[in-house]
Amino acid sequence: MADSSARTRPRRVTAPPVEWLVMTERASTEPSVFTRILRGEIPGEVVLSTDEVFVLQDIAPKAPLHLLVIPKTDAYRDVAELAEGDPKLLAHMVEVARTVATQAGYDSFRLVFNTGLGAGQTVFHVHAHVLGGDASEDTMTAGMAGEGRDA
Ligand code: 5GP
């Protein structure tokens with residue numbers, strides 16, 4: 001016989017962890033902010049475009065040169081997925097990164113792929129940060145920690 005008290009017995013209800021909420025956003029089918037910029041739905045300073053990628057001035061630069069190299073496809077959430085799914089596209093991103101850094105006068109530059117929430121990734125449409133000038137490790141991590149991204 002069913003235990004009818006089970007229906008009325010109070011259950012402990014807990015709020016979902018913050019990370020769960022962020023994961024929900026990550027799993028969203030909404031176009032990424034980069035796709036929306038590419039479509040012209042929201043503004044963005046695109047400095048170079050090829051058939052496969054575009055290069056965007058970062059809205060919150062962490063170094064004198066801070067560009068984002070972004071595939072036009074949003075099929076890959078991070079560089080690990082991209083490396084597995086389309087290594088040629090990854091190589092093209094690196095080549096384009098070198099081109100834009102050189103054009104901006106930087107022979108040396110840093111290429112950063114934040115990969116996963118814990119590393120500070122906030123946009124789950126793979127992109128490479130191209131950093132030139134004073135872009136120390138502290139500069140990158142300070143900016144990210146300051147925005148409270150790593151819950
Ligand atoms: P992540 O934190 O995912 O590695 O990098 C996302 C980057 O996208 C950040 O550096 C952030 O400043 C940049 N970003 C986010 N939203 C926008 C936007 O609307 N326009 C531009 N240009 N950059 C953005």
Side-chain angles (χ1 to χ4, degrees), residues 12-151:
R12 198 160 66 92
V13 178
T14 53
V18 171
E19 189 167 339
W20 184 88
L21 296 172
V22 178
M23 292 290 284
T24 305
E25 193 173 314
R26 171 178 151 174
S28 167
T29 54
E30 292 293 307
S32 74
V33 65
F34 299 149
T35 294
R36 297 192 65 206
I37 290 171
L38 184 63
R39 290 176 181 170
E41 293 172 3
I42 54 176
E45 191 183 335
V46 175
V47 301
L48 187 144
S49 180
T50 73
D51 287 347
E52 293 184 293
V53 306
F54 65 109
V55 181
L56 182 67
Q57 173 68 52
D58 197 289
I59 202 168
K62 308 262 185 328
L65 177 73
H66 190 169
L67 302 172
L68 303 170
V69 181
I70 308 163
K72 290 182 176 175
T73 175
D74 64 358
Y76 307 103
R77 290 185 310 175
D78 59 41
V79 69
E81 284 191 4
L82 176 61
E84 193 177 332
D86 193 343
K88 281 188 179 167
L89 179 54
L90 176 56
H92 181 58
M93 288 176 70
V94 174
E95 180 60 26
V96 168
R98 186 175 63 175
T99 298
V100 289
T102 304
Q103 283 176 354
Y106 294 89
D107 290 335
S108 302
F109 61 94
R110 293 175 70 214
L111 206 51
V112 174
F113 290 89
N114 293 323
T115 307
L117 280 173
Q121 185 174 2
T122 57
V123 180
F124 290 85
H125 174 160
V126 65
H127 53 282
H129 296 258
V130 184
L131 300 151
D134 181 21
S136 66
E137 192 68 36
D138 287 350
T139 308
M140 282 297 287
T141 52
M144 290 166 181
E147 290 164 34
R149 292 168 174 172
D150 193 359

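Indexing begins at 1, ligand by ligand and atom by atom, following the structure's order.
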Pairwise distance [atom1]([X]) to [atom2]([Y]) - rounded to 0.5 angstrom:
X     : Y      : atom1 : atom2 : answer
Phe54 : Ile37  : CZ    : CD1   : 6.5 Å
Tyr76 : Leu89  : OH    : CG    : 7.0 Å
Leu68 : His129 : CG    : NE2   : 5.5 Å
His66 : Ile59  : NE2   : CD1   : 11.5 Å

More than 12 foreign heavy atoms under 6.0 Å from CD of Glu52: is that the case here? yes
With a 4.0 Å cut-off on heavy atoms, is [X] touching ligand 1?
X      : result
His127 : yes
Phe34  : yes
Gly44  : no
Val112 : no

Looking only at distances, can you tell me whether any N or O atom of [X], backbone or side chain, sits closer than 3.5 Å to an N or O atom of ligand 1?
X      : result
Asp58  : yes
Lys62  : no
Asn114 : yes
Val123 : yes
Pro43  : no

Indicate whether any N or O donor in one side chain lies under 3.5 Å from an N or O acceptor in the other, for Ser32 and Thr35. yes
Check ligand 1 against His129 and write out every atom of the ligand that is under 4.0 Å from a heavy-atom position of the residue. 1 (P), 4 (O), 5 (O), 7 (C), 10 (O)
The atoms of ligand 1 lying under 4.0 Å from a heavy atom of Val33, numbered in the order shown, are 19 (O)
Tell me the contacting part of Ile42 for ligand 1: side chain, backbone, both, or neither, using a 4.0 Å heavy-atom threshold, strictly below. neither
Under-4.0 Å heavy-atom contact with ligand 1, by part of Thr122 that carries it: both
Chi angles and distances behind the side-chain contact (heavy atoms from CB on, under 4.5 Å) call for Leu38, Lys72: CA-CA 8 Å; Leu38 184 63; Lys72 290 182 176 175; 3.8 Å; yes
Parallel, tilted or perpendicular, as decided by the 30° and 60° cut-offs, for the rings of Phe34 and His127: perpendicular
Ala75 backbone acceptor or donor facing His125 side chain under 3.5 Å: no
